[in-house]
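Encoded as C-alpha cells, the structure appears first; notes follow it.
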Number of protein chains: 2
Amino acid sequence: MIGYYHFINMEEKAENKKVGIKEIAKLANVSIATVDRVLNNRKDVSDKTRAKVQAIIKEHNYQPNLYARALSVKNNLSFAVLIPKTSSQTGYWDLCLKGIKQGIEEFSTFGISIDIFLYDQEDVRTFLKMSEDVLSRNFNAVVIAPIFITETTRFVEECKKRRIESIFVNSDIKGCSSLGYIGPDLYSTGRLAANLTSYLVPANSKVLILNIARGLQNYAYLNTKIEGYTDYLNKLDRSFEILNIDIPSNNYEEIAIDLLRHVNNIEPDLIFVTNSRVSVVGRFFDEYRNIKKPHIIGFDFLTENVDFLANGMVDFLICQRPDKQGYLALNYLYRHFLLKDVKENFKPMPIDILTVENYLFYEN
Amino acid sequence: MIGYYHFINMEEKAENKKVGIKEIAKLANVSIATVDRVLNNRKDVSDKTRAKVQAIIKEHNYQPNLYARALSVKNNLSFAVLIPKTSSQTGYWDLCLKGIKQGIEEFSTFGISIDIFLYDQEDVRTFLKMSEDVLSRNFNAVVIAPIFITETTRFVEECKKRRIESIFVNSDIKGCSSLGYIGPDLYSTGRLAANLTSYLVPANSKVLILNIARGLQNYAYLNTKIEGYTDYLNKLDRSFEILNIDIPSNNYEEIAIDLLRHVNNIEPDLIFVTNSRVSVVGRFFDEYRNIKKPHIIGFDFLTENVDFLANGMVDFLICQRPDKQGYLALNYLYRHFLLKDVKENFKPMPIDILTVENYLFYEN
DNA sequence: CAACATCTCGTTAACGTTACCGAAATGATT
DNA sequence: AATCATTTCGGTAACGTTAACGAGATGTTG
C-alpha cells in the first residue's frame with residue numbers, strides 16, 4: 001500500500017438508488033396509488049397513512065424519476081413569449097430567440113406548446129396589439145421582455161387577474177412580474193464597464209457615454225447602467241471628465257454626422273456605448289481614420305460587434321447571455337409547472353467580459 | 001390592424017410533434033419492433049422494409065423521446081473518474097469534483113455507476129496505484145486529468161487494449177485519449193492574460209511570471225500558458241522586461257522568503273501567477289505593506305482567490321469552469337453510450353474574466 | 001422431400017409514474 | 001335499520017421506448 005492517497009467509492013449510493021414508488025408502497029403496506037397521492041400531496045389519504053408513508057419516503061430518501069414522470073403526465077400547458085423582434089439595427093433579440101427556440105425544442109416533448117409574439121420596440125402600439133393577442137388565447141404563463149414600462153405593468157396586472165404567471169427577461173420592473181426576473185443586474189453591469197474603463201485610460205481622461213437608438217425614452221434600463229457607470233467613476237476620484245450624449249437615431253449616416261460633431265468637439269479618450277450599437281461606433285472610426293481612435297467599450301456578442309472586437313477597434317464587449325436568459329425563462333416555467341422543484345430565487349446572470357483573445361471560445 | 005408587427009406561431013410544429021414510433025409503424029405497415037430495429041440500425045430487417053421505414057422516419061422528422069428511452073433501457077454502465085485530490089494548497093480540484101458529483105446525481109437515474117479515484121498530484125506512485133485499481137475493475141470509460149504525462153499515456157494505451165474509452169479534462173495530451181479533451185485552450189489562456197496585462201501596465205514595465213508549486217516539472221501544461229503569454233507580449237513590442245521565476249514550494253513561509261527576494265530585486269510592475277496559487281501572492285503583499293504592490297493576474301475561482309479579488313489586491317482572475325468540465329465529461333460519456341448523439345467534436349471551454357465588479361454573479 | 005439453419009418480423013412485458021375508475025369502509029340522515 | 005354521501009384506498013391502463021421470445025417464411029443441405 002502506498003502511503004498517501006485517497007479513494008471515494010460511490011457504490012453504497014448506487015446500491016440504494018433503486019427506491020422507487022413501488023418499494024415505498026410495499027414497505028408502507030399500501031398501494032402505489034396511495035404513495036403517489038402522498039408524494040403529490042393530493043387528498044384522499046387519511047392522516048395516519050399519510051404520515052406513515054411520508055416517514056418511509058424520508059427514511060429511504062426517495063427521489064422521483066423525473067423521466068418516468070415526464071413520460072406519464074399528459075398536460076397541455078401553453079406558454080407565450082413576448083419580446084421585441086430583431087430590428088435591422090441590432091441582432092440582439094435573435095440571440096434571445098435562439099435560446100427560446102432551444103427551449104421549445106426541449107419542452108415540446110412534454111406536450112408544452114409555446115407561442116412567440118414579437119413586437120416592435122420602437123412602436124408601442126405593436127406591443128399593445130401583441131399583449132391583447134396573448135390575452136385572447138389562454139396561456140398558463142408568459143415570458144416578457146419589458147421595454148414599455150407602463151404598458152407592461154398594466155398588462156401584467158391583467159395577467160394576474162386571469163391567473164396567468166409572468167416572468168421577465170433582459171431587464172426588470174421591480175416587483176411587477178409574478179415569478180421574477182432572469183437577467184443581469186444592470187447597475188453592476190454599468191459598474192463593470194467603469195471598472196474596465198479605469199484600466200484603459202489614465203487620470204484626467206475624457207470619457208464619453210453614448211446612447212444610440214431611436215425612441216431612447218423607452219429604454220429606461222439604460223439609465224441604470226449609466227448610474228452604475230458614473231457612480232463608480234466618480235468614486236474613483238481620478239478627475240475624469242464624463243459626458244453623456246444621446247443620439248436618438250437608427251440611421252448610420254445620421255449617427256455619423258452627430259458623432260463626428262461630438263468627437264471633434266470633445267476628443268474623448270474612451271467611448272462607452274451603453275447598448276449593443278457599438279458596431280456603429282466601430283464603423284465610424286474605421287471610416288474616419290484621421291481621427292484619433294479612443295478606447296471603446298460596448299455590449300453584446302453580436303457578429304457585427306465581434307468583428308470590431310477581432311480587429312482591435314473595440315477593447316471590451318460585455319455580454320449577458322441573452323440566449324441563456326431566454327432558455328432559462330422557459331426552463332423555469334417548465335419546472336414551475338411540472339416539477340415541484342421551485343425552491344430557487346433567481347440570482348442575476350453572470351456578466352461576461354470578452355476581448356480579442358477570448359471571444360473565440362465564447363459559446364452559449 | 002396596426003402597421004408593423006411580427007408574429008410567429010409555432011402551432012404547426014406543435015401539431016405534428018406527436019410522431020412516435022407507433023405512428024411510424026402504422027404508416028410503414030410494420031410493427032413497432034421493426035421500426036425500433038431500423039432506428040437503432042440493428043439487423044433482422046430486410047433492406048426493402050428498412051428503406052421504407054427510413055423514408056417515413058425522415059419524412060415525418062421523427063425524434064425519439066429520450067425520456068422514454070432512458071426509462072426503458074436497463075444498462076449497467078460504469079465510469080471511473082481519475083483526478084488529483086484537493087491538496088491543502090489549492091481547492092481547485094474540489095471544484096471539478098463538484099461538477100463530477102452533479103453528473104453522478106443526474107446520471108445515476110440511468111443505472112450508470114460512477115467511481116471516483118483521487119490521486120496525489122505530487123506523488124506519481126499514487127497515480128500508478130489508482131490507475132491499476134481502475135484497470136482491476138471493469139469500467140466502460142474513464143475520465144482523466146492528465147498530470148503525469150508519460151504515466152498517463154501508458155495507462156491510456158492499456159485502456160485502449162481493453163476497449164475502455166478515455167476522455168481528458170483540465171489539460172490535454174494531444175491525440176492520446178480515445179474520446180478527446182474537455183477544457184480550455186491553454187495557449188489562448190496565456191494570451192488572454194497577456195492581453196489584460198497590456199491594459200494594466202504601460203510600456204517599459206517589468207513583468208514577472210510566477211510559477212508556484214512543488215514538483216513543477218510535472219505541470220507541463222503551465223509552459224503552454226507561458227508560451228501564449230510571452231508570445232503575445234513580445235509581439236506587442238512595448239519593451240516589456242519579462243522574467244520567469246519558479247518557486248517550487250507549497251509552504252507559504254518558504255514562498256514568502258523567495259518572493260521577498262525576487263520582488264525586492266526586480267521591483268515588478270505586474271505579477272502573472274500561472275496557476276491557482278495567486279492567493280499566496282495576495283497574502284504576501286497584504287503582509288508586506290511597505291512594498292509597492294504590483295498589478296496581479298491569476299487563475300481560478302477559489303474562495304481564497306476571490307477574497308483578494310474582492311479587496312482589490314488582485315486585478316483579474318481568469319477562470320476555466322473546472323466544475324463544468326467535470327460535468328461535461330460525464331455528460332459526454334452518457335451521451336456517447338446511451339444516445340446516438342455523438343456528433344460533436346469539443347470546442348475549447350470558454351475563458352472567463354473576473355474582476356471585483358462581476359465576480360458576485362459568477363456561478364457555474 | 002425431409003430436416004434444419006437463417007432471415008425477417010410481430011407480440012409482449014417491462015421501465016416508474018400518473019390519473020381515472022370503482023370498491024370498500026365509514027359517517028350522516030332519515 | 002335502511003339509505004345515501006363521503007372518505008379512503010387499490011387496481012390498472014397509459015406514456016414511448018427497448019429487448020426477449022417465438023412464429024412464420026425462405027434458403028440450404030442431405
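Chain letters run A, B, ... following the sequence lines, proteins first, then strands; residues in each count from 1.
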Examine C/dT8: is either OP1 or OP2 under 4.0 Å from a nitrogen or oxygen in the side chain of B/Thr34? Give yes or no. no

Looking only at side-chain N and O atoms, does A/Ser72 come under 4.0 Å of OP1 or OP2 in C/dA19? no

Out of C/dC20, C/dC9, D/dT17, which has the shortest distance to the side chain of B/Ile21? D/dT17

Any A/Tyr62 side-chain N or O less than 4.0 Å from OP1/OP2 of C/dT17: yes

Base, sugar-phosphate, or nothing for B/Asn65, non-hydrogen atoms under 4.0 angstrom? sugar-phosphate

Quick one: sort the B/Phe117 and B/Phe139 rings into parallel, tilted or perpendicular, breaks at 30° and 60°. perpendicular

If you assign B/Asp47 and B/Ala68 each to the DNA chain C nucleotide with the nearest heavy atom, which residue ends up on the more 5' nucleotide? B/Asp47

Gap between atoms CZ and P, on A/Arg69 and C/dT18 respectively (whole Å): 5 Å

In this structure, how many angstroms lie between the P atom of D/dC15 and the CG atom of B/Leu66, rounded? 18 Å

Aromatic centroids of B/Tyr67 and A/Tyr67 separated by under 6.0 Å: yes

Taking only the side-chain nitrogens and oxygens of B/Lys22, find out if one of them lies under 4.0 Å from OP1 or OP2 of D/dC15. yes

Whole-Å distance between C/dT17 P and B/Tyr67 OH? 16 Å

Grab the CD1-C1' distance between A/Ile32 and D/dA13 for me, whole Å please. 11 Å

Roughly how many Å is it from CD1 in A/Ile24 to P in C/dT18, rounded to a whole number? 13 Å

Does any N or O in the side chain of B/Gln325 come within less than 3.5 Å of the main-chain N or O of B/Asn170, such that one atom is a donor and the other an acceptor? yes

Taking the side chain of A/Arg37 as heavy atoms from C-beta outward, which of D/dT18, D/dC9, C/dG10 is closest to it? D/dC9

Do the rings of A/Phe301 and A/Tyr362 sit parallel, tilted or perpendicular, given the 30° and 60° boundaries? perpendicular

Provide, to the nearest angstrom, the distance between the CG atom belonging to A/Asn40 and the C1' atom belonging to C/dC20. 15 Å

Any A/Lys48 side-chain N or O less than 4.0 Å from OP1/OP2 of D/dT8: no

Let me know the distance between NZ of B/Lys43 and C1' of C/dA5, rounded to the nearest Å. 12 Å

Residue pair B/Leu71/B/Asp44 against DNA chain D: nearer the 5' end by closest nucleotide is B/Leu71

Taking OP1 and OP2 of C/dA19, is either one under 4.0 Å from a side-chain nitrogen or oxygen of A/Arg42? yes

Distance check needed: C/dT12 P versus B/Asp36 CG, whole Å only. 17 Å

Any base atoms under 4.0 Å from B/Arg50, or only sugar-phosphate, or nothing? Heavy atoms, all strands. nothing

Given D/dC9, is OP1 or OP2 found less than 4.0 Å from the side-chain N or O atoms of A/Ser46? yes

Checking the side chain of B/Ser166 only, and the main-chain atoms of B/Val142 only, is there a donor and an acceptor separated by less than 3.5 Å? no

Verify, without hydrogens or angle tests, whether B/Asp115 (side chain) and B/Ala80 (backbone) share a donor-acceptor contact under 3.5 angstrom. no

Side-chain atoms of A/Thr49 come closest, of D/dC9, D/dG10, C/dT12, to D/dC9

